Number of protein chains: 2
Amino acid sequence: MMKIEVLLVEDQGMVLGALAALLNTEPDITVSGTAGNGRVALDLMAKKPPQVLVTDIEMPQMTGLELAAEVKERFPKTRVVILTTFARPGYLRRALDAGAQGYLLKDRPAAELAEAIRRVHRGLRVVDPDLAAEAWTADPDPLTDRERQILQRAGDGMSTADVARELGLSEGTVRNYLSESIAKLGVSNRIEAARLARSKGWL
Amino acid sequence: MMKIEVLLVEDQGMVLGALAALLNTEPDITVSGTAGNGRVALDLMAKKPPQVLVTDIEMPQMTGLELAAEVKERFPKTRVVILTTFARPGYLRRALDAGAQGYLLKDRPAAELAEAIRRVHRGLRVVDPDLAAEAWTADPDPLTDRERQILQRAGDGMSTADVARELGLSEGTVRNYLSESIAKLGVSNRIEAARLARSKGWL
DNA sequence: CTTCGCGTATGACATTTGTCATGCTGACAA
DNA sequence: TTGTCAGCATGACAAATGTCATACGCGAAG
């Protein structure tokens, strides 16, 4: 019997090791490699692509969503399962757009991980049911690319001038995008706008 | 040979199960129980106190720090190891005050968990070395109560006027406190100030 | 081919935010 | 008692932020 080969990507060493131990207790699954960030994961895959890639989203250098997109491009036969803390509709949508076959929350019982890997390996999709339901009713991201780009930086504390310089725009333009974003999100300043957008998974 | 009995407390099911799998691969350690929050953990301990309790900090209903304090009170023979994502000096201090013998970060390699449990079981203390060093050199919170109060609200997106109304101050006063905080923290606006203060555990 | 809508871009103007000089109070040491 | 020092409070002023009217190009719908 061929075991399912899984590559694990997760930036918290303790959790990475623990998940590996968990999966190795499954008779039909083997952890073929582990990585602490997306770059390392891609290097490992270049040598030997696994059948299933399990990755966290929020990681330094390269997010799991970016990784998923790149994997879909370069290793189309590898299935991707996103494993994250965050039940954000925006993340789910972007994960599916990026070609992920699975989206699982760390809140769920441990047994669901192996089961999800098996299903995805068989060609099925696996999406956390509560989140899927929420994503169905949830408002779509109303922001344009530019607005997202600017809101992101403003939310990190950059001044209008900083943002304008970095993106090669006039300050007035930057203020205008911020104003648009604030209006679209129905809030009253850039701080609330950034917080809301982040909580929805739009940034 | 007597195995070391460990009770695991962690609110994310996936991580809880994975940590249990990890520890069960150690020949001298056995996971005697698991709980998703502090209340359940105390119930389990009432029946059979483990030798070592490993707990996360941020959990619903009862934090790991509260749990540690209660365990010290009711089950003084059980050693406590805090296992958390957050490298905040303030947390470390409170953990040690609450009677924890260990403070470990989820960033660290998986092998360190078992080792920490062994050390703590032998009566030693285990504290993440980087964090201990940081806690030693770390700047103390330079903010006054008022400044904290105001920075907190500003960081949540409240306008100066909102804050002034809620705290019964004039707008000028609120701006002044914000200005003071910004200067003390060496940043250039309220957003950065709130972010920095939060990251240090001062809010 | 037009018209429309959308994303992008700008600057003038109003509002909010940040800085600074100043004053009041109470605790504590000289 | 007096000096002084920290925390709290204020308003005038300067700077950054938010709003609005406006304009241009481009692709889709008519």
Side-chain angles (χ1 to χ4, degrees), chain A residues 65 69 90 93-94 97-98 138-203, chain B residues 90 138-203:
Chain A
L65 296 174
R93 177 159 314 180
R94 283 197 278 158
D97 287 349
D139 345 283
D141 181 352
L143 303 173
T144 66
D145 288 345
R146 263 291 196 240
E147 287 164 353
R148 251 192 305 282
Q149 221 176 7
I150 288 173
L151 195 51
Q152 220 161 28
R153 288 165 174 74
D156 284 346
M158 286 177 68
S159 71
T160 305
D162 293 337
V163 176
R165 207 172 314 112
E166 184 167 318
L167 300 182
L169 300 175
S170 89
E171 295 196 22
T173 304
V174 172
R175 280 201 296 279
N176 182 238
Y177 280 118
L178 253 350
S179 180
E180 263 302 299
S181 307
I182 290 166
K184 280 182 178 176
L185 300 179
V187 295
S188 55
N189 61 51
R190 56 176 69 190
I191 305 177
E192 286 182 334
R195 286 170 63 89
L196 177 59
R198 275 198 232 275
S199 80
K200 296 274 192 178
W202 294 334
L203 294 192
Chain B
D139 343 285
D141 183 351
L143 304 173
T144 65
D145 288 344
R146 263 296 197 232
E147 287 165 352
R148 251 192 304 283
Q149 221 175 6
I150 288 173
L151 195 50
Q152 221 159 29
R153 288 166 173 74
D156 284 346
M158 286 177 66
S159 71
T160 306
D162 292 337
V163 176
R165 205 172 316 111
E166 184 167 319
L167 300 181
L169 301 175
S170 87
E171 296 196 21
T173 304
V174 171
R175 281 200 297 279
N176 183 237
Y177 279 119
L178 251 353
S179 180
E180 263 301 301
S181 306
I182 290 166
K184 280 181 178 176
L185 301 180
V187 294
S188 55
N189 61 51
R190 56 176 68 190
I191 306 177
E192 288 182 333
R195 285 169 63 88
L196 176 60
R198 274 198 232 276
S199 79
K200 295 273 191 180
W202 294 335
L203 294 192

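These figures come from a predicted structure and were not determined experimentally.
Checked against C:dT10, C:dG18, C:dT17, the side chain of B:S159 finds its nearest nucleotide in C:dT17. Ranking D:dC8, C:dG18, C:dG11 by closeness to the A:N176 side chain, first place goes to C:dG11.
Using a 4.0 Å cut-off, no side-chain N or O of B:T160 falls inside it from OP1 or OP2 of C:dT16. Contact annotation: A:R190 side-chain N/O to D:dG18 OP1/OP2 distance is under 4.0 Å. Distances shown here put a side-chain N or O of A:S179 below 4.0 Å from the OP1 or OP2 atom of D:dT19. Residue A:S170 has a polar side-chain atom (N or O) positioned under 4.0 Å from OP1 or OP2 of C:dT10.
Nearest-nucleotide positions on DNA chain D for B:T144 and B:N189 put B:T144 closer to the 5' end. For A:E180 and A:E171, each mapped to the nucleotide of DNA chain C holding its nearest heavy atom, the one lying further toward the 5' end belongs to A:E180.
Between B:D162 and B:R165 there is a salt bridge, since a side-chain N of the basic residue sits under 4.0 Å from a carboxylate O of the acidic one.
Whole-Å rounding puts the A:R175 CZ to D:dA16 P distance at 10 Å. Spacing between atom CG of B:L143 and atom P of D:dG7 amounts to 11 Å, rounded to whole angstrom units. Distance, B:L167 CG to D:dG7 C1': 16 Å, rounded to whole Å. If you measure from atom NZ of B:K184 to atom C1' of C:dT19, you get 16 Å, rounded to the nearest angstrom. Atoms CD (B:E147) and P (D:dA9) sit 11 Å apart, rounded to a whole Å. Taking atom CG of B:L178 as the reference point, atom P of C:dC20 lies 15 Å away to the nearest angstrom. The distance from atom CZ of B:R146 to atom C1' of D:dC8 is 8 Å, rounded to the nearest whole Å. A:M158 places its CE atom 11 Å from the P atom of D:dT17, with the value rounded to the nearest Å.
Checking side-chain atoms of A:D156 against main-chain N and O of A:R153 turns up no donor-acceptor pair under 3.5 Å. For the pair A:E192 (side chain) and A:S188 (backbone), a donor-acceptor distance under 3.5 Å is present. For B:S179 (side chain) and B:R175 (main-chain N/O), no donor-acceptor pair under 3.5 Å exists by modelled atom type.
For the residue pair A:N176 / A:T173, no side-chain donor-acceptor distance below 3.5 Å is found, with atom types taken as modelled.
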